[in-house]
Visitor: 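The following block contains the structure, expressed as structure tokens.
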Amino acid sequence: QVQLVESGGGLVQAGGSLRLSCVVSGGMLRINVVNWYRQAPGKQRESVATITNRGAANYADALKGRFSISIDNGKNTAYLQMNNLEPEDAAIYSCNANVWTPARGSQNYWGQGTWVTVSS
């Protein structure tokens with residue numbers, strides 16, 4: 001079965017950088033689209049960035065210029081490079097992917113998330 005695992009979160013000072021990874025596994029599969037979301041405590045989940053397997057990327061307007069999404073189809077892995085982090089960026093960051101498999105066709109899957117904490 002398809003599984004998504006995020007990693008790379010942690011504690012960083014304001015102005016620092018982190019690189020998150022999202023590894024998709026589960027045998028024979030094809031990634032169609034990868035999305036990064038984040039949710040701060042007490043707030044609604046929001047979209048951060050999205051990328052297709054062809055590399056076409058889009059970002060939330062407020063984050064464009066600081067965050068960069070990429071994909072490595074050979075490794076079935078997507079990345080989120082986060083620069084100039086601010087305390088307001090602190091949240092759990094989750095990976096969502098639309099993935100095709102022979103058994104289930106195209107479906108959306110979620111990872112467990114990785115925490116990002118930014119100190120001022």
Visitor: Could you tell me whether a side-chain N or O of R66 sits under 3.5 Å from a main-chain N or O of N84, the two making a donor and an acceptor?
Guide: yes
Visitor: Do E6 and L20 touch side chain to side chain, with heavy atoms closer than 4.5 Å?
Guide: no
Visitor: Would you mind listing every side-chain hydrogen bond (donor to acceptor under 3.5 Å, both in side chains) that reaches into residues 108-120, with sequence neighbours excluded?
Guide: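 Sorted pair list: N98-N108.
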Visitor: Are any non-hydrogen side-chain atoms of C95 and W36 less than 4.5 angstrom apart?
Guide: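 Contact flag for C95/W36 side chains = yes.
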Visitor: Check whether any side-chain heavy atom of L85 sits under 4.5 Å from a side-chain heavy atom of F67, and report yes or no.
Guide: yes
Visitor: How long is the span from the CD1 atom in I31 to the SG atom in C22, to the nearest 0.5 Å?
Guide: 7.5 Å
Visitor: Just verifying a value: how many Å separate K75 NZ and S25 OG, rounded to the nearest 0.5 Å?
Guide: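 Atom-to-atom, K75:NZ and S25:OG are 15.0 Å apart.
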Visitor: Any idea which heavy atoms bring T77 and V23 closest together, and the distance?
Guide: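 What the structure gives for the nearest pair is OG1-CG2, 3.7 Å.
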Visitor: Indicate, with yes or no, if Y37 and I69 share a hydrophobic cluster defined by side-chain heavy-atom contacts under 4.5 Å among Ile, Leu, Val, Met, Phe, Trp and Tyr.
Guide: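 Unlinked, I69 and Y37 end up in two clusters.
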Visitor: For the atom pair OH (Y79) and CD1 (I71), what is the distance rounded to the nearest 0.5 Å?
Guide: 10.0 Å
Visitor: Is any side-chain heavy atom of V12 closer than 4.5 Å to one of S17?
Guide: no
Visitor: In terms of hydrophobic clustering (I, L, V, M, F, W, Y; side-chain heavy atoms under 4.5 Å; direct or indirect links), are L63 and L80 co-clustered?
Guide: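 Yes, because L63 and L80 connect within a single hydrophobic cluster, where side-chain heavy atoms sit under 4.5 Å apart.
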Visitor: Please list all pairs passing the side-chain hydrogen bond (donor to acceptor under 3.5 Å, both in side chains) test where one or both residues lie in residues 38-54, with sequence neighbours left out.
Guide: N35-T50, R38-E46, R38-D89, R38-Y93
Visitor: Measuring from atom CG of L29 to atom CZ of R104, what distance do you get when rounded to the nearest 0.5 angstrom?
Guide: 13.5 Å
Visitor: List the atom of G8, the atom of L18, and the distance in Å for their closest heavy-atom pair.
Guide: O-CD2, 3.8 Å
Visitor: May I ask you to test the V2-Q107 pair for a side-chain heavy-atom distance under 4.5 Å?
Guide: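 Side-chain contact under 4.5 Å: no.
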